[in-house]
Amino acid sequence: MPNASFTKRFCRGALRWEEERYPEGIKWKFLEHKGPVFAPPYEPLPENVKFYYDGKVMKLSTKAEEVATFFAKMLDHEYTTKEIFRKNFFKDWRKEMTSEEKSTITSLSKCDFTHMSQYFKAQTEARKQMSKEEKQKIKEENERLLKEYGYCVMDNHKERIANFKIEPPGLFRGRGNHPKMGMLKRRIMPEDIIINCSKDSKVPPPPPGHKWKEVRHDNKVTWLVSWTENIQGSIKYIMLNPSSRIKGEKDWQKYETARRLKKCVDKIRNQYREDWKSKEMKVRQRAVALYFIDKLALRAGNEKEEGETADTVGCCSLRVEHIKLHPELDGQEYVVEFDFLGKDSIRYYNKVPVEKRVFKNLQLFMENKQPEDDLFDRLNTSILNKHLQDLMEGLTAKVFRTYNASITLQQQLKELTNPDDNIPAKILSYNRANRAVAILCNHQRAPPKTFEKSMMNLQSKIDAKKEQLADARRELKSAKADAKVRRDEKAVESKKKAVQRIEEQLMKLEVQATDREENKQIALSTSKLNYLDPRISVAWCKKWGIPIEKIYNKTQREKFAWAIDMAEEDYEF
DNA sequence: GCACTCACTTAGAATTGATCAG
DNA sequence: CTGATCAATTCTAAGTGAGTGC
């Protein structure tokens, strides 16, 4: 545990501690690291692995071959059948070809990557079949790499780095309907890399024969390494692990801001309800948008450059086509039906009864507009956040998500925890509370491919256990009967215990089945990691005598070390 | 106001590793 | 011991929001 002392100081010092040590935006005083680990160089295919064009064997130049292997490795994926993907890939691939290749290879549909694909599958298989010793050797090599490059020194602490390996080249896979899917993500070279470290540290040397793009000493940022990526032109960073002081402190601050919102949220809610009546259109739009952000935990919804990314929206960027108004629906009045793609192209679908004023305002906002027009045409995230800043220092749209997620967990835990339950049942309650939050935040996942099968397996286990229980009960009965005749109480006791044990096992399985079924399309981890004040969970564990390991795995315990140290059983969010 | 850059958090999928039943 | 299964970890895309300069 490289960080034990941080946690202690961090807890006692609270915010003051940070301010004392780091005036205005200074993030560290000393930073030393070994630089990034680059992707392994391309290894050309063995001679016997062939690429075919138009039915004929064709030997590709190394550069063209490398890009071809990226496609071959994805051949089984649905991606490679999509027109945009193929078009983007082919265009970028041709840029890597020699002029002869370019003149020969003119159509992707005439390219046959199946042999290459088979080769890679065989490679994967071979890796699985490797002997223990070979696997051990790879493991040791990885550990060596981690030991050498996976840590840095920030101020007086050795800290784990999150992503010290540079992203290898490959084909870009956006989420959803991304216009750039299939484009070539180029190989990052030392000449692309900016190193950030302190002046008095040992600057990491670039690989032999290479130079860094730049070495800078900027202690107002937290990153160690950066480079510009070629698909969107955005900057990528190497930063510290969530267990680090700098990340933990920020995380803690985030929840403290959300707790400050708790204190003034009633006032803010009254305010926006008043604003629904404002004479100013901008104010009304702002107030309705804020209502959605608060009630439905929608994201802010920054503008995006059209055609550069998938068409997704958040609250401020909702368009008329994303909502339907139902004056009455299924016996409820003033229902708004939301249907849009949010972050990561995850669909948000919800039918929500709203207050009459909200409904009337929405009708007004939609008047004389086309489906593709902005719903809140007088509003954007910057206007909204400026307003929020006036309501509370440090308040932004995303704080509502954090606040509502955490307060929901706390309420749900109070409501769902049954003091008489055993530990597995209590954990089911915890997961249900967590699930309520995940549903609120719309954290979905694709149902696991093997979901049905795994449910069936579990069910047959339950059936077997039930039979076992019936048997055990029969045995107990006959033991009781025997005992009457022969006064053998010992046998009865042991049978009783057996029945109890099996009952417990059965109940555990049934709880597991319920949990899994309810979790089919819901991802708990995102809310657990990013939205739920960990002190709520720590306090709950302490209160009910649940070992923290049942709630947080090792990585999560490292990330939340500050909270585990800090929170007592009576902690209130 | 607006376009653009930068730094940082949040996100689901893919891959890897640990565990368990047969 | 071995393969199936599930949990953990890794990966990197996709958001938020502040700041800058016109």
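The sequence lines fix the lettering, A, B, ..., with proteins before strands; numbering per chain opens at 1.
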Student: Let me spell it out: for each of K165(A) and T312(A), pick the nucleotide of DNA chain C with the closest heavy atom. Which residue's pick is nearer the 5' end?
Tutor: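 By nearest-heavy-atom nucleotide position, the 5'-most residue is K165(A).
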Student: Please work out whether the ring planes of Y291(A) and Y272(A) are parallel, tilted or perpendicular, with thresholds of 30° and 60°.
Tutor: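 Perpendicular: the ring planes of Y291(A) and Y272(A) meet at over 60°.
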Student: Between Y151(A) and H33(A), is a ring pair (Phe, Tyr, Trp, His ring centres under 6.0 Å) present by the stated rule, with each step listed?
Tutor: CA-CA 7 Å; Y151(A) 295 87; H33(A) 58 92; over 10 Å; no
Student: Check the angle between the aromatic planes of H77(A) and Y79(A) and answer parallel, tilted or perpendicular using the 30° and 60° thresholds.
Tutor: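 It falls in the tilted class, 30° to 60°.
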Student: Using a heavy-atom cut-off of under 4.0 Å over every strand shown, decide if K386(A) touches base, sugar-phosphate, or nothing.
Tutor: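 Counting heavy atoms under 4.0 Å across all strands, no contact is made by K386(A).
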Student: Is atom NZ of K304(A) surrounded by more than 12 heavy atoms (other residues, nucleotides or ligands) closer than 6.0 Å?
Tutor: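 Check passes, neighbour count above 12.
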Student: It should be established whether H443(A) places a side-chain nitrogen or oxygen under 4.0 Å from OP1 or OP2 of nucleotide dT10(B).
Tutor: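 Result: no.
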Student: Between S226(A) and R445(A), which has a closest nucleotide on DNA chain B that is more 5'?
Tutor: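 By nearest-heavy-atom nucleotide position, the 5'-most residue is S226(A).
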Student: Applying salt bridge (Lys or Arg N to Asp or Glu O under 4.0 Å) to R175(A) and D344(A), what does each step give before you reach the verdict?
Tutor: CA-CA 6 Å; R175(A) 305 266 168 91; D344(A) 292 318; 3.1 Å; yes
Student: If you look at every strand shown and take non-hydrogen atoms under 4.0 Å, does E229(A) touch a base, only sugar-phosphate, or nothing?
Tutor: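 The residue E229(A) makes no contact with any strand.
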Student: Could you tell me whether S382(A) contacts a base, only the sugar-phosphate backbone, or nothing, with contacts defined as non-hydrogen atoms closer than 4.0 Å?
Tutor: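 Since no nucleic acid heavy atom lies under 4.0 Å of S382(A), the category is nothing.
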Student: Here's a test of your reading of the structure: between T555(A) and Q389(A), which maps to the more 5' nucleotide of DNA chain C?
Tutor: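 Nearest nucleotide further toward 5': that of T555(A).
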Student: Within the 4.0 Å heavy-atom criterion, would you say I346(A) contacts the bases, only the backbone, or no part of the nucleic acid?
Tutor: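 Result for I346(A) = sugar-phosphate.
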Student: Looking at every strand, decide which applies to G301(A) at a 4.0 Å heavy-atom threshold: base, sugar-phosphate, or nothing.
Tutor: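 Sugar-phosphate, backbone atoms only, no base.
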Student: In terms of side-chain heavy atoms of R216(A), which of dA7(B), dA13(B), dA14(B) is nearest?
Tutor: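 So the side chain of R216(A) is nearest to dA7(B).
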Student: Looking for any heavy atom pair under 4.0 Å, which part of the strands does N553(A) touch: base, sugar-phosphate only, or nothing?
Tutor: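 Sugar-phosphate: the residue N553(A), judged by heavy atoms under 4.0 Å, touches backbone atoms but no base.
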Student: Name the nucleic acid region contacted by Y237(A), choosing base, sugar-phosphate or nothing; use a 4.0 angstrom heavy-atom cut-off, strictly under.
Tutor: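 Y237(A): base contact, heavy atoms under 4.0 Å.
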Student: Give R175(A) one of three labels, base, sugar-phosphate or nothing, depending on what nucleic acid heavy atoms sit under 4.0 Å from its own.
Tutor: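 The answer is base, as R175(A) lies within the cut-off (heavy atoms under 4.0 Å) of a base atom.
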Student: Contact list please: residues 392-409 of chain A against DNA chain B, heavy atoms, distance less than 4.0 Å, in numerical order.
Tutor: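 Per residue number, the list reads K398(A), R401(A).
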Student: One thing to verify: whether R144(A) and E148(A) come together as a salt bridge, which I'm taking to mean a side-chain N less than 4.0 angstrom from a carboxylate O.
Tutor: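 Yes, charged N to carboxylate O under 4.0 Å.
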Student: Please work out which of the three classes, parallel, tilted or perpendicular, describes the rings of F338(A) and Y348(A), given edges at 30° and 60°.
Tutor: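 It falls in the perpendicular class, over 60°.
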Student: Going 5' to 3' along DNA chain C, between which two nucleotides do contacts with chain A fall, using a heavy-atom cut-off of 4.0 Å?
Tutor: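 Counting from the 5' end, contacts occupy dT5(C) to dA18(C).
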Student: Round to the nearest Å and state the distance from D218(A) atom CG to dT5(B) atom C1'.
Tutor: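 Nearest whole value for this atom pair: 14 Å.
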Student: Closer than 4.0 angstrom, basic N to acidic O: yes or no for K282(A) and E280(A)?
Tutor: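 Here K282(A) does not pair with E280(A) in a salt bridge, since their nearest N and O are not under 4.0 Å apart.
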Student: Assign P168(A) to base, sugar-phosphate, or nothing according to its heavy-atom contacts below 4.0 angstrom with the strands shown.
Tutor: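 Here P168(A) touches the backbone only, sparing every base.
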Student: Can you classify the ring geometry of F376(A) versus F365(A) as parallel (below 30°), tilted (30 to 60°) or perpendicular (above 60°)?
Tutor: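 The rings of F376(A) and F365(A) stand perpendicular, inter-plane angle above 60°.
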Student: Without swapping roles, check the side chain of D218(A) against the backbone of K220(A) for a donor-acceptor pair under 3.5 Å.
Tutor: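 Pair found, side chain donor or acceptor close to backbone of K220(A).
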Student: Rounded to whole angstrom units, what separation is found between the NZ atom of K528(A) and the C1' atom of dT10(B)?
Tutor: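 After rounding, the gap between these two atoms is 17 Å.
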Student: Which nucleotide sits closest to the side chain of V221(A): dC8(B), dA11(B), dG1(B)?
Tutor: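 It is dC8(B).
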